[in-house]
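Since the structure comes first, as structure tokens, the remarks are kept for the end.
Predicted model only: the values in this text are computed from it and were never measured. Every number for a ligand or one of its atoms is a count from 1 in the order of the listing.
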Amino acid sequence: MYFACAKHIEQAIDEFLDQYEVSPDLNRIEGDVAGTDISVRCRFCAAPPIYRLS
Ligand SMILES: [Zn+2]
């Protein structure tokens, strides 16, 4: 499972495709992060993620 901010979502999709060879399901998690895991960050920077790829 990957997490990505708005800036890095395309990069995250590319890397997900390389890793799993299937298209990820994108789930928008903006506003919901605090309720799940506050340590979650974008895979490519320190920003709070907007999307979860699974
Ligand atoms: Zn990012």
side-chain contact (heavy atoms from CB on, under 4.5 Å) partner of Phe3, the single match among His8, Arg41, Arg52: Arg52
Within 6.0 angstrom of Glu10 CD, more than 12 heavy atoms from elsewhere: no
The Zn ion (ligand 1) neighbourhood, protein N/O/S only, threshold under 2.8 Å: Cys5 SG, His8 ND1, Cys42 SG, Cys45 SG
Looking only at heavy atoms, which two atoms of [X] and [Y] are closest? And how far apart?
{"X": "Phe16", "Y": "Leu53", "result": "CE1-O, 3.9 Å"}
{"X": "Pro49", "Y": "Cys42", "result": "CD-N, 4.0 Å"}
{"X": "Asn27", "Y": "Ser54", "result": "ND2-OG, 3.8 Å"}

Check against side chain to side chain contact (heavy atoms under 4.5 Å, CB included), Tyr20 and Tyr2: CA-CA 11 Å; Tyr20 299 107; Tyr2 287 8; 4.2 Å; yes
